[in-house]
Number of protein chains: 2
Amino acid sequence: MKGHQVTIKDIAKILHISPSTVSRALKDHPDINPQTKKNVQELAKKLHYKPNQIALNLLQKESKLIGVIVPEIIHYFFSTIISGIEKIANESGYHIIIAQSNESYHKEVENIQALLSSNIDGFIITMAKTTLTFDHYKNVEEIGVPMVFVDRACDKVNADKVLVDDFDGAYKATKHLIENGCENIVHLAGPQNLDIGLQRKEGFLAALNDSNISINDYSIQICDTHDHALKLIPKLLSKYNNIDGIFAVNDLTAIGAMKAVKSVNKKIPEEIAIVGFTNSYISYIADPELTTIDQKGYEMGQHAARMILKRIQSVDNYGPVTTILNTDLIIRKSSLKIKIE
Amino acid sequence: MKGHQVTIKDIAKILHISPSTVSRALKDHPDINPQTKKNVQELAKKLHYKPNQIALNLLQKESKLIGVIVPEIIHYFFSTIISGIEKIANESGYHIIIAQSNESYHKEVENIQALLSSNIDGFIITMAKTTLTFDHYKNVEEIGVPMVFVDRACDKVNADKVLVDDFDGAYKATKHLIENGCENIVHLAGPQNLDIGLQRKEGFLAALNDSNISINDYSIQICDTHDHALKLIPKLLSKYNNIDGIFAVNDLTAIGAMKAVKSVNKKIPEEIAIVGFTNSYISYIADPELTTIDQKGYEMGQHAARMILKRIQSVDNYGPVTTILNTDLIIRKSSLKIKIE
DNA sequence: CATACCATTTCAAACGTTTGCGAAAAGAGT
DNA sequence: ACTCTTTTCGCAAACGTTTGAAATGGTATG
């Protein structure tokens with residue numbers, strides 16, 4: 001049961017002046033008599049007057065709301081993106097509405113429609129894995145609501161993008177394994193229809209090539225979940241017992257592999273070195289701690305927020321901008337065959 | 001650069017009829033001529049007309065927005081709460097605005113003020129650890145915006161609450177350790193000024209008492225972070241080498257303890273059994289997998305959302321409701337001294 | 001032929017705020 | 001006493017939508 005919020009009209013009525021005078025008095029307009037100003041401001045404070053944001057939104061045709069659609073917030077990476085967005089948005093007086101697609105195309109469409117009618121000022125989106133058609137993005141584009149893609153982008157749409165250099169990250173990870181003495185590395189790869197999966201694989205291959213390491217038919221395994229790695233790795237190791245390094249497409253898979261390696265009594269990193277990708281919380285929790293590639297979720301979120309704010313506040317329609325962030329190699333115990341002093 | 005959104009006025013102008021007729025035609029009002037209806041509805045579809053939510057908000061004095069304030073979304077537990085809230089809210093046409101307090105009292109106050117002026121219809125809040133004064137909650141109460149506390153509640157304010165039975169959870173965890181043969185259990189406890197810390201400790205003590213197990217001066221250690229456990233446990237074990245069980249106030253601490261135990265070459269669970277609290281993702285990732293208490297974040301979120309919706313939609317001012325959810329013991333390898341067939 | 005009645009449509013107010021413009025009042029200058 | 005200026009304030013429109021009440025035009029009833 002909502003109590004009546006104090007409005008400008010209320011103040012006007014009490015003071016026997018007009019709403020416009022109150023409005024001007026509150027913002028220190030020079031046209032207003034100092035005494036009137038004082039009266040208004042004091043009463044406003046006393047009654048805890050707060051401007052009604054909705055009325056302002058209607059007038060100014062903006063909601064100071066940014067819609068954020070991510071697959072699942074429970075994933076560390078996405079929640080760091082969100083944190084980054086929130087920080088920058090808040091600094092400019094914006095708030096974020098969060099919706100999850102749960103990797104479902106339909107939920108994504110639904111969310112976009114719903115947020116659109118909430119009159120958000122812009123979208124920040126990470127595509128769902130199952131999104132294969134893009135009419136809903138096109139629709140947003142037509143309506144003229146700005147949109148920024150983060151991490152997973154749709155290249156059929158004119159929109160800003162914030163990506164991470166997956167190729168380079170994978171290259172660095174693989175190079176690191178090689179420098180630590182690995183000569184027979186397996187890559188647990190993601191789905192090859194996603195850019196992420198593809199780029200990381202390419203980076204892996206490039207690093208091997210540059211070091212003149214030959215590629216075997218088992219060097220690349222499509223395997224990107226914890227449980228799959230748990231099953232796959234023991235088989236693989238029993239078949240090819242010279243494997244001495246694993247580069248996984250994400251941390252969770254790397255940790256599955258880690259468990260599997262331990263289960264067949266091979267030592268990490270002495271016998272098999274492991275590197276993941278993302279630098280999520282679990283990489284630090286793992287035992288031994290997991291070497292990984294920092295995907296910079298927080299920075300990505302901040303960047304995306306700045307981009308959307310720029311779009312929202314800009315008058316002219318400059319072309320789409322793509323930012324590619326660098327990754328960092330985070331070296332921990334799981335890959336250190338050679339001790340660093 | 002935002003393109004002009006199609007409004008009812010646009011449609012009215014094109015069809016040479018009044019906005020009110022358009023409005024009624026769109027909602028199938030019986031007063032409107034079927035032919036007019038058809039014209040309007042077809043044009044509306046053609047122009048992709050979408051009602052302006054802001055205008056409706058202003059008229060109906062509601063925003064269909066629920067403000068959610070949590071300490072940090074990167075924590076698995078909070079993100080599951082959010083997911084639960086989102087699901088129920090969406091089902092009723094509501095959206096959630098998320099703000100993080102980062103466990104800071106000031107950020108919490110700031111967030112509440114900001115969301116309040118965004119005219120949200122209600123709050124769902126998990127108190128920050130550093131929140132010790134409650135005027136900002138009182139303010140919300142006075143204004144008449146409904147509020148539900150989740151997990152960490154403020155008892156100085158008349159508001160609904162969704163809590164978890166911490167005492168019972170801790171009791172079950174401890175009992176489980178005892179049933180598995182532990183006779184010398186250490187509890188890594190949370191801060192005792194928070195109800196969570198207190199209740200879990202009490203549950204622990206009650207379980208020991210009920211089993212006639214004596215309590216030592218080192219049975220309770222204030223230690224609730226991964227890193228602290230990492231440092232504390234080795235010292236403790238070298239001093240009291242008969243310790244055979246650890247019950248930690250949260251999963252992260254449990255895993256810190258786990259690492260520490262392994263580092264002094266004690267076997268888990270054979271020599272030392274470990275149980276955590278929360279059932280976060282990492283408990284499943286840990287090696288060995290961690291036995292823990294499921295804190296039911298998703299259910300809590302759902303419950304909180306239902307409560308706030310009920311408040312928002314209710315006309316009369318019924319007294320504050322508190323719901324206490326049961327926890328589940330999730331048994332995994334880290335505690336199983338006795339094998340279950 | 002006036003009245004009643006119906007279907008259909010429009011008017012106007014409302015939600016809370018901002019803002020260009022005009023108006024009233026008071027003082028200054030001639 | 002007249003105009004001119006300045007100070008201070010109110011009117012009205014606008015944002016997009018809903019909705020009770022009034023208006024319109026037409027037909028049927030007395």
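In the text below, chain A, chain B and the rest are named by the order of the sequence lines, each starting its count at 1.
Remark: C1' of dC9(D) and NE2 of His16(A) are 16 Å apart, rounded to the nearest angstrom. Between the CD1 atom of Ile11(B) and the P atom of dG16(D) there is a distance of 12 Å, rounded to whole Å. For the pair Ile32(B) CD1 and dT19(D) C1', the computed distance is 12 Å after rounding to whole Å. For the pair His29(B) NE2 and dA21(D) C1', the interatomic distance rounds to 12 Å; values are reported in whole Å. The interatomic distance linking Lys13(B) (NZ) with dG16(D) (P) rounds to 10 Å, in whole Å. In this structure, CG of Asn119(A) is placed 12 Å from C1' of dT17(D), rounded to the nearest angstrom. If you measure from atom NZ of Lys27(A) to atom C1' of dG16(C), you get 12 Å, rounded to the nearest angstrom. Remark: C1' of dT18(C) and CG of Asp31(A) are 14 Å apart, rounded to the nearest angstrom.
Thr36(A) places a side-chain heavy atom less than 4.5 Å from the side chain of Ile17(A). In this structure, the side chains of Ile74(B) and Thr80(A) come closer than 4.5 Å at one or more pairs of heavy atoms. Between Phe123(B) and Val145(B), the closest side-chain pair of non-hydrogen atoms falls below 4.5 Å. At a threshold of 4.5 Å between non-hydrogen side-chain atoms, the residues Ile124(A) and Met307(A) do not count as touching. Residues Asp165(A) and Leu325(A) fail the side-chain proximity criterion, which asks for heavy atoms closer than 4.5 Å. Counting heavy atoms from C-beta outward, Thr21(B) and Ser18(B) have side chains that approach closer than 4.5 Å. Inter-residue side-chain proximity for Glu142(A) and Tyr137(A) is flagged as unmet; no heavy-atom pair is nearer than 4.5 Å.
Around NE2 of His29(A), the count of heavy atoms belonging to other residues, nucleotides or ligands within 6.0 Å exceeds 12.
Considering only side-chain atoms of Ser18(B), the nucleotide from dC9(D), dT8(D), dT10(C) that sits closest is dT10(C).
Across the helix from dC1(C)-dG30(D) to dT30(C)-dA1(D), the helix axis at one end is tilted relative to the axis at the other end by 90° (nearest 10 degrees, each axis from five pairs).
Contact annotation: Ser23(A) side-chain N/O to dT17(C) OP1/OP2 distance is not under 4.0 Å.
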Is there any protein nitrogen or oxygen under 3.5 Å from a nitrogen or oxygen in nucleotides 12-15 of chain D, and what are the pairs?
{"from": "dC15(D)", "atom 1": "OP2", "to": "Lys9(B)", "atom 2": "NZ", "distance (Å)": "3.1"}

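Between Glu103(B) and Arg152(B) there is a salt bridge, with a side-chain nitrogen of the basic residue lying less than 4.0 Å from a carboxylate oxygen of the acidic one.
At a threshold of 4.0 angstrom between heavy atoms, the contacts of Asn33(A) are confined to the sugar-phosphate backbone, with no base atom among them. Residue contacts for Ile54(B): at a heavy-atom cut-off of 4.0 Å it reaches no nucleic acid atom on any strand shown.
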